K.L.:
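One structure follows; several queries about it will come next.
In this text the structure is predicted, and so the values were computed from the model without any measurement. Atoms within each ligand, like the ligands themselves, are counted from 1 in listed order.
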Amino acid sequence: DHALYCAKRATRGDVVIFTERHEAEMSDCGRIEQTLRNADLVRELCTVFQPQYDILKGSISGFEALARWNSPTLGLVNPGLFIAAAERTGMIERVTGILLEKALAAAVTWPEGITLSFNLSPLDLVSARSITNVMRIVRESGIAPERMTFEITESVVVSDFERARDSLVALADMGCKIALDDFGAGYSSFGYIHRFPLHRIKTDRCFVTRLAEDNVVGLNILRAIAELCANLGVECLAEGIETEEELRSVQSAGIRFVQGYLHGRPMGAAEAAELIAARGEGEILAAAG
Ligand code: C2E
Ligand code: MG
Ligand code: MG
Ligand code: MG
């Protein structure tokens, strides 16, 4: 898997120049780890925001914060790679804290109906210290906890269920919501899914991608997940909607929320604020997509 691959590459001591155009070469994880250790994280880390769209209301319901690391030496590093590096180097709690503070600084300026989704690492969820820190940051930001959703992946629920559940219960008790991200991508957590607080399921992007290849099968899978959500009493959001056609399919599968390039690419805080200001004006939203 990815971590093993990185470890192998790192021991070969490859040195490559990291730019956005050389993403393939960014698997030199040793270099990423070393640069991350010495980075001025507060200055170099930031979050961008991708709109989440409510089909029923016909408007943006919130934004997902997505991590970006702009390193002076490496350039923009793929978040999948630097989050994994932060996890391996024991830096993830600090990285999570910095990203959450920055995301909330933007979110507290949004109107009350607009929510913030934030990704937690599996390591955050099994660390009582990190969850305590996350809860402190939410409290000190002044945001209504009900406007805050934490996205988690299935792997943590499977790997260390008891500890993960304690964290999720603590977050839910303070009023925050929990979303299961990349649902259906790898692990099967049907045995666990009703045993921790859950407010939303996000279908993995692969199911929307599959619509183009095999519309019948893709649509049936999305419909099955939408039905599961309805039975569990949780919201359903489909990730990776890039075209009007995909939007129509997802809607016909009974899914209420969508997120993808059609409604907006990840954007800076100023651009997100502009999009919120244009809320309700369908033409402007369509043009921004
Ligand atoms: P994710 O949470 O599932 O985020 C969705 C990813 O899909 C984002 O990539 C987003 O830019 C991309 N995406 C959204 N819409 C579309 C679309 O229509 N088409 C395509 N092709 N892609 C789309 P990104 O920003 O590179 O993030 C990758 C992953 O990194 C995230 O997956 C999440 O697992 C992780 N990540 C990002 N930010 C954070 C963070 O603050 N903390 C932690 N722990 N993980 C993060
Ligand atoms: Mg996510
Ligand atoms: Mg996802
Ligand atoms: Mg993902």
K.L.:
Do L180 and F257 share a hydrophobic cluster (ILVMFWY, side-chain heavy atoms under 4.5 Å, transitive)?
P.N.:
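Per the 4.5 Å side-chain linkage, L180 and F257 are not co-clustered.
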K.L.:
Under 4.0 Å from a heavy atom of S121: which atoms of ligand 1 are those, numbered in the order shown and with their elements?
P.N.:
44 (N)
K.L.:
Testing L219, L222, L237 one by one against V250 for a side chain to side chain contact (heavy atoms under 4.5 Å, CB included), which residue passes?
P.N.:
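That would be L222; it is the only one of L219, L222, L237 passing the side chain to side chain contact (heavy atoms under 4.5 Å, CB included) with V250.
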K.L.:
Would you say N119 has an N, O or S atom lying under 2.8 Å from the Mg ion (ligand 2)?
P.N.:
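Yes.
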K.L.:
How does the hydrophobic cluster around V216 look, that is, which other residues are in it when side-chain heavy atoms under 4.5 Å mark a link?
P.N.:
none
K.L.:
Please classify the R205 to ligand 1 contact at 4.0 Å (heavy-atom distances, strictly less than): side chain, backbone, both or neither.
P.N.:
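Side chain only.
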K.L.:
For residues A226 and C236, report the shortest heavy-atom separation together with the two atoms involved.
P.N.:
CA-SG, 4.3 Å
K.L.:
Counting backbone and side-chain atoms alike, is an N, O or S atom of D181 positioned under 2.8 Å from the Mg ion (ligand 3)?
P.N.:
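Checking D181: at least one N, O or S atom is under 2.8 Å.
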K.L.:
Record the part of L99 in heavy-atom contact with ligand 1 below 4.0 Å; permitted values are side chain, backbone, both and neither.
P.N.:
side chain
K.L.:
What is the name of the N/O/S atom of E151 that is nearest to the Mg ion (ligand 2)?
P.N.:
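Output for this pair reads OE1.
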K.L.:
Would you say D124 and V134 make side-chain contact, with heavy atoms under 4.5 Å?
P.N.:
no
K.L.:
Do the ring planes of F63 and F49 sit parallel (below 30°), tilted (30 to 60°) or perpendicular (above 60°)?
P.N.:
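Geometry flag for F49 against F63: perpendicular rings.
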K.L.:
Using a 4.0 Å heavy-atom cut-off, say whether I92 meets ligand 1 through its side chain, its backbone, both or neither.
P.N.:
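For I92, there is no contact with ligand 1 at all, from either part.
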K.L.:
Could an N or O of ligand 1 be found under 3.5 Å from any N or O of P266, whether backbone or side chain?
P.N.:
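No; the residue has no nitrogen or oxygen that sits under 3.5 Å from a nitrogen or oxygen of the ligand.
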K.L.:
What atom name does the N, O or S atom of E64 nearest to the Mg ion (ligand 2) carry?
P.N.:
OE2
K.L.:
Quick one: which of A65, A67, P122 has a heavy atom closest to atom 37 (C) of ligand 1?
P.N.:
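When every heavy atom of A65, A67, P122 is considered, A67 comes closest to atom 37 (C) of ligand 1.
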K.L.:
Applying a heavy-atom cut-off of 4.0 Å, say which part of D181 lies close to ligand 1: side chain, backbone, both or neither.
P.N.:
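Contact part for D181 vs ligand 1: side chain (C-beta onward).
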K.L.:
Check each heavy atom of E87 against ligand 1 and say whether those closer than 4.0 Å belong to the side chain, the backbone, both or neither.
P.N.:
neither
K.L.:
Which heavy atom of E246 sits nearest to which heavy atom of G240, and what is that distance?
P.N.:
OE1-O, 3.7 Å
K.L.:
W110 and R147: which non-hydrogen atoms are nearest, and at how many Å?
P.N.:
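So the minimum-distance heavy-atom pair works out to O-NH2, 3.3 Å.
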K.L.:
At the 4.0 Å heavy-atom cut-off, does E242 count as touching ligand 1?
P.N.:
yes
K.L.:
Any N/O/S of E239 under 2.8 Å from the Mg ion (ligand 3)?
P.N.:
yes
K.L.:
Which bit of N119 gets closer than 4.0 Å to ligand 1, counting heavy atoms only: side chain, backbone, both or neither?
P.N.:
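The answer is both.
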K.L.:
Classify the angle between the aromatic ring planes of H263 and Y53 as parallel (below 30°), tilted (30 to 60°) or perpendicular (above 60°).
P.N.:
parallel
K.L.:
Would you say K202 touches ligand 1, if touching means a heavy atom closer than 4.0 Å?
P.N.:
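No heavy atom of K202 comes that close to ligand 1.
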K.L.:
Of all the atoms in D182, is at least one N, O or S atom closer to the Mg ion (ligand 2) than 2.8 Å?
P.N.:
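For D182, the answer is no, given that no N, O or S atom comes within less than 2.8 Å of the Mg ion (ligand 2).
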K.L.:
Please report whether ligand 1 has a polar contact with Y261, defined as an N or O pair separated by less than 3.5 Å (distance criterion only).
P.N.:
yes
K.L.:
Below 4.0 Å, non-hydrogen atoms only: which portion of Q50 touches ligand 1? Side chain, backbone, both or neither.
P.N.:
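The answer is the side chain of Q50.
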